[in-house]
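The shown structure was predicted, so the numbers you read here are calculated from the model rather than taken from an experiment.
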Amino acid sequence: MKTHRKDHSERRDFLKKALAGSAVMTFGGVLPGFSAKSYKRVIGANEKISIGVMGVNSRGLALAQNFALQPNSEVNFICDVDTRAAEKAIDVINKIQGKKPADVPDFRKALESKDMDALVVAAPDHWHAPAALLASKAGKHVYLEKPCSHNPNEGEMLVAAAKKYKNVIQMGNQRRSWPNVAKGIKEVQNGAIGRAYFAKGWYTNNRPSIGTGKVTPVPQWLNFDLWQGPAPRKAFKDNLIHYNWHWFWHWGTAESLNNGTHMLDLMRWGLQVDYPTKVSSDGGRYRYQDDWETPDTQVINLEFGNKCAMTWEGRSCNGRTNEGSSVGLVFYGENGSLQIDGGNSYKIFGLDNKLVKEVKNDIEINARDRMNPSQALDAFHFQNFFDAIKKGTPLASDIDSGHKSTLLCQLGNIAYRTRTTLDIDPATGRIKNNKEAQKLWKREYQKGWEPTV
């Protein structure tokens with residue numbers, strides 16, 4: 001479906017606003033070690049960035065649509081192990097951009113194409129780091145959905161890969177680029193509530209039971225071997241795909257990394273800390289008796305020496321809101337508190353609990369842009385990614401930062417699984433003096449699928 005010239009003009013106006021807003025988070029200069037000559041394909045200033053999307057069943061489909069809506073990128077490759085998901089995505093993208101993307105089920109084949117500039121990784125969590133590493137080796141940039149890794153060792157590998165290949169790797173914690181969220185974080189950092197010393201985040205939902213799965217033949221529409229990829233092989237069960245894998249440690253990373261990553265990332269950003277000194281976690285699978293392995297109720301506590309602390313509460317199966325929001329966080333300081341909910345807004349309260357300031361979402365979109373509000377906000381993150389590729393603009397969420405935020409959740413899960421309080425080296429983020437916990441720093445891989453830098 002072709003767009004009219006007026007549509008293009010209106011979309012350009014929106015993107016000008018988006019780029020102006022993204023300046024809130026970026027601080028000029030060039031990425032360390034960045035050189036356009038490092039890449040196999042140099043992208044011209046006016047050339048559209050060619051995108052491949054790996055995993056298009058749910059979040060991946062939304063990402064593919066949004067990248068196709070951007071005037072300076074084009075989705076040319078759809079990669080999915082589910083033929084039904086791939087066919088749907090190809091049809092949707094064709095209608096948006098008037099050009100049909102190639103159907104390449106195995107993303108590794110797409111990486112061989114010199115016509116791909118960047119890979120969007122939206123496959124299950126166990127594929128995130130391995131796919132990003134392969135893309136980096138192939139000379140591609142990477143937009144990597146959160147969490148950036150399945151385990152801490154993979155996160156360290158990604159940081160090493162970005163240094164080695166000098167490609168752009170942006171993690172998809174898109175709230176870093178939402179203008180008013182960034183303004184709220186700046187308010188915290190600039191002392192709007194005095195010295196901030198504690199932050200609390202949360203996520204709530206009413207997820208149903210996943211039941212007890214049965215071993216059944218693999219559906220003919222699914223390449224289950226490629227779906228498992230680097231994970232050691234397990235039998236196919238009828239309650240695993242496409243979403244319930246989140247709740248199995250073998251492939252998923254629990255609600256803490258599924259949704260907690262966003263809030264813990266913002267808390268770490270606002271409090272201006274890197275690695276904690278102590279981590280503990282409590283919870284369990286309380287709501288239902290089924291195959292769900294990870295906790296449906298979890299609290300993660302993190303201490304950062306005597307500077308500050310933070311906590312995250314996840315309730316997957318009880319949607320009672322906190323502070324009137326199903327997802328959000330609050331910073332607490334000497335002179336008040338600042339609350340950021342799930343949207344592009346924030347509130348400041350005094351110590352007397354009276355509202356001092358409220359900043360509401362002010363991003364306007366035109367219906368002809370064919371974006372919904374969430375897509376419009378996420379476009380800021382995409383444009384920052386594109387600017388990093390073309391201009392060397394600093395990323396809102398580079399892989400070093402993404403790894404640090406992901407690690408907070410992973411340490412929480414390790415503390416939960418070992419039922420111990422972890423002592424952490426604040427210089428490296430590594431676990432100290434706990435052999436049982438250190439075993440969970442990395443995982444085993446299917447022979448022949450081991451990721452490397």
Side-chain angles (χ1 to χ4, degrees), residues 15 18 22 25-26 31 34 39 41 43 48-80 89 93 101 104 107 110-111 113 115-125 127-149 154-155 158-159 161-162 165-178 261-262 265 374-403 405-406:
L15 287 163
S22 67
M25 298 78 68
T26 55
L31 287 169
F34 180 89
Y39 306 109
R41 184 166 182 266
I43 303 167
K48 288 188 176 184
I49 293 174
S50 177
I51 302 290
V53 184
M54 176 194 181
V56 291
N57 183 68
S58 179
R59 175 60 180 163
L61 177 59
L63 287 170
Q65 289 176 288
N66 208 348
F67 274 102
L69 284 166
Q70 303 306 309
N72 48 354
S73 69
E74 189 171 76
V75 176
N76 291 320
F77 303 86
I78 293 294
C79 310
D80 202 292
I93 300 309
V104 188
F107 79 100
L111 291 179
S113 174
D115 296 323
M116 180 198 287
D117 300 315
L119 179 70
V120 176
V121 180
D125 294 357
W127 253 122
H128 284 194
L133 289 167
L134 288 173
S136 299
K137 291 179 182 181
K140 313 301 182 184
H141 305 291
V142 184
Y143 185 93
L144 181 57
E145 262 301 284
K146 56 77 205 161
C148 67
S149 59
E154 289 181 350
L158 287 170
V159 173
Y165 300 106
K166 294 181 171 52
N167 61 326
V168 174
I169 306 178
Q170 170 107 301
M171 192 169 86
N173 46 339
Q174 63 274 6
R175 285 176 177 82
R176 283 243 175 182
S177 294
W178 291 9
T261 310
H262 289 298
D265 174 62
S374 177
Q375 287 176 320
L377 286 168
D378 288 357
F380 288 91
H381 213 46
F382 301 162
Q383 291 301 320
N384 174 242
F385 177 56
F386 297 156
D387 278 352
I389 293 172
K390 289 192 171 187
K391 306 174 187 177
T393 302
L395 287 165
S397 180
D398 62 25
I399 195 57
D400 182 66
S401 173
H403 163 60
S405 295
T406 298

Which heavy-atom pair separates [X] from [Y] by the least distance, and what is that distance?
X    : Y    : result
P147 : M171 : C-SD, 4.4 Å
P101 : I78  : CG-CG1, 3.7 Å
V75  : A68  : CG2-N, 3.8 Å
N167 : V142 : ND2-CG2, 4.1 Å
S149 : E154 : CB-CB, 3.6 Å
L119 : A131 : CD2-O, 4.3 Å

For [X] and [Y], indicate whether the former's side chain and the latter's backbone hold a donor-acceptor pair under 3.5 Å.
X    : Y    : answer
D398 : V159 : no
K140 : M116 : yes
T406 : G402 : yes
N384 : A396 : yes
H128 : A123 : yes
E74  : S50  : no
D117 : I49  : no
H381 : R176 : no
H262 : R175 : no

Margin query: I'd like to know if D378 pairs up with R59 as an ion pair, taking the criterion as any Lys NZ or Arg NE/NH1/NH2 lying under 4.0 Å from an Asp or Glu carboxylate oxygen.
Written below: yes
Interatomic spacing from [atom1] in [X] to [atom2] in [Y] - rounded to 0.5 Å:
X    : Y    : atom1 : atom2 : result
L111 : C79  : CG    : SG    : 7.5 Å
I169 : I399 : CD1   : CD1   : 5.5 Å
F385 : Q170 : CZ    : CD    : 7.0 Å
L63  : I51  : CG    : CD1   : 10.5 Å
K146 : T261 : NZ    : OG1   : 6.0 Å

Margin query: Over 60° means perpendicular and under 30° means parallel, so tell me whether F382 and F67 are parallel, tilted or perpendicular.
Written below: parallel
Next item on the list: Report yes if some heavy atom in the side chain of F107 is under 4.5 Å from a heavy atom in the side chain of L134; otherwise report no.
Entry: yes
Check: Heavy-atom distance under 4.5 Å between the side chains of V53 and I93, does that happen here?
Finding: no
Next item on the list: Compute whether any side-chain donor of one residue and acceptor of the other, for S397 and N173, lie under 3.5 angstrom apart.
Entry: yes
Notebook entry, point to check: Between Q70 and N66, is any side-chain donor less than 3.5 angstrom from a side-chain acceptor?
Noted result: yes
